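Data first, discussion second: the structure below is written as structure tokens.
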Protein chains: 2
Amino acid sequence: MSPQQTRTRATAQGAAVRDALRAEDGFRSAQSVYAVLRADGQKIGLSTVYRHLQAFTDDGVVDVIHNPDGETVYRFCGDTPGGHHHHVVCRSCGRAEEVEGSAVERWAEQTAAKAGFVDVDHTVEVFGLCPDCA
Amino acid sequence: MSPQQTRTRATAQGAAVRDALRAEDGFRSAQSVYAVLRADGQKIGLSTVYRHLQAFTDDGVVDVIHNPDGETVYRFCGDTPGGHHHHVVCRSCGRAEEVEGSAVERWAEQTAAKAGFVDVDHTVEVFGLCPDCA
DNA sequence: AACGGATTTGGGAACCGTTCTCATTAATGG
DNA sequence: CCATTAATGAGAACGGTTCCCAAATCCGTT
């Protein structure tokens with residue numbers, strides 16, 4: 001199979017974005033990643049952060065979801081490359097844990113098929129308060 | 001508990017917004033509702049549309065989701081008041097059908113509990129192409 | 001019917017996150 | 001070391017949503 005090509009080649013900024021995201025175990029907004037990098041003394045532009053975030057998303061290295069407030073948030077998920085999965089996300093600190101969801105996958109498939117829908121995709125995210133934030 | 005009170009009293013504009021939404025069987029954006037009303041000759045402001053959409057949402061008469069593009073879209077769901085449910089949404093025309101999801105509810109509950117999360121909420125939406133759009 | 005207080009309305013400004021533009025800078029390889 | 005190409009980042013542009021506030025409307029009371 002033709003491997004999905006990275007849109008940007010490995011650069012210092014790209015690595016910085018990836019590392020910043022990898023350092024967190026939760027979903028972060030682009031702005032927040034940018035803020036962290038700048039606070040860290042890194043020289044990087046907001047556009048670049050968005051660019052790499054997009055590229056990583058295209059590569060499947062980063063997961064994207066929209067939290068209940070509609071914000072776009074990203075998370076490093078390179079550990080389970082390609083593997084489709086879902087999360088339990090803390091709505092307070094953003095921390096997230098991957099969860100197994102094959103049952104949900106099947107349910108989504110069947111449900112959509114029953115309604116006659118094709119080319120199906122789905123969004124399944126569970127939000128709550130993690131033990132620490134509760 | 002104190003019942004969630006409607007934020008606005010029944011007004012002509014409120015009714016117009018509700019009717020516009022009820023007339024559609026899919027999720028629509030605030031802007032789109034506004035456009036339809038204006039095209040219909042109605043005198044109404046964008047702010048007012050947003051206001052009523054919010055009020056209806058608070059009252060549970062309208063469902064809100066963020067589609068994969070991050071847009072906020074609303075749907076009239078007064079038919080199943082209070083009843084928590086999910087949808088199969090056409091990503092092309094916005095048409096949506098309610099689906100039964102008690103299995104998913106249980107899965108979400110259990111999954112969150114297993115991770116030690118509390119005050120759990122979840123997002124489950126299935127997107128695809130409806131028979132007509134396929 | 002007329003008045004007065006409270007509520008709703010809506011136009012426009014403000015806001016915020018994201019995307020776009022493009023001149024500058026850095027990397028590549030010949 | 002030069003030339004070509006890709007990446008960068010500052011700021012402008014954009015689109016959706018919220019905020020602000022003066023004008024309009026509604027409602028209970030005389």
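This is a predicted model, so every value here is computed, not measured. Chain naming here is simple, since letters A, B, ... match the order of the sequence lines and numbering starts at 1 in each.
Between H52(B) and dT9(C), a side-chain N or O to OP1/OP2 separation shorter than 4.0 Å is present. Contact annotation: Y50(A) reaches the phosphate of dT18(C) (side-chain N/O to OP1 or OP2, under 4.0 Å). Put simply, T11(B) has no side-chain N or O that comes within less than 4.0 Å of OP1 or OP2 on dT25(D).
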Please table the atom pairs, donor to acceptor, closer than 3.5 Å between any side-chain atom in residues 106-118 of chain A and protein atoms at least two apart or in another chain.
{"from": "W107(A)", "atom 1": "NE1", "to": "T111(A)", "atom 2": "OG1", "distance (Å)": "3.4"}
{"from": "T111(A)", "atom 1": "OG1", "to": "W107(A)", "atom 2": "O", "distance (Å)": "2.7"}

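Across all strands, E71(B) comes closer than 4.0 Å to no nucleic acid atom at all (heavy-atom distances). Looking at heavy-atom distances under 4.0 Å, T72(B) makes contact with sugar-phosphate atoms alone, never a base.
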When you look at H85(A) and D63(A), which way does the side-chain hydrogen bond (donor to acceptor under 3.5 Å, both in side chains) test go after all the steps?
CA-CA 9 Å; H85(A) 56 268; D63(A) 272 8; 3.1 Å; yes
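In this structure, Y74(A) places its OH atom 8 Å from C1' of dT18(C), rounding to the nearest Å. For the pair R28(A) CZ and dT18(C) P, the computed distance is 15 Å after rounding to whole Å. Atom CG in D69(A) sits roughly 20 Å away from atom P in dC15(C) (whole-Å rounding). Atom-to-atom, NE2 of H66(A) to P of dT17(D) comes out at 12 Å; the value is rounded to the nearest Å. If you take CZ of F27(A) and C1' of dG17(C), they are 18 Å apart, rounded to a whole angstrom.
Partners of E125(A) under the salt bridge (charged side-chain N to carboxylate O under 4.0 Å, His left out) rule, at least two apart in sequence or in another chain, do not exist in this structure.
Nearest to the side chain of Q13(A), among dG10(C), dT8(D), dG16(D), sits dT8(D). Side chain of T48(B), nearest nucleotide from dA7(D), dG10(C), dG17(C): dG10(C). Picking from dC20(D), dG17(C), dT18(D) the nucleotide with the shortest atom distance to the side chain of R51(B) gives dC20(D).
Taking the ring centroids of H122(B) and H86(A), they lie at or beyond the 6.0 Å cut-off.
Within residues 33-47 of chain B, the residues that have a heavy atom under 4.0 Å from DNA chain D are, in order of number, L46(B), S47(B).
Salt bridge present: E97(B) and R95(B) bring a charged side-chain N and a carboxylate O closer than 4.0 Å.
Under a hydrophobic-cluster definition in which Ile, Leu, Val, Met, Phe, Trp and Tyr are linked whenever side-chain heavy atoms come within less than 4.5 Å, directly or via other members, V64(B) and L21(B) are assigned to the same cluster.
Judged by the 6.0 Å distance and 45° axis criteria, R91(B) is not positioned over the aromatic ring of F127(B).
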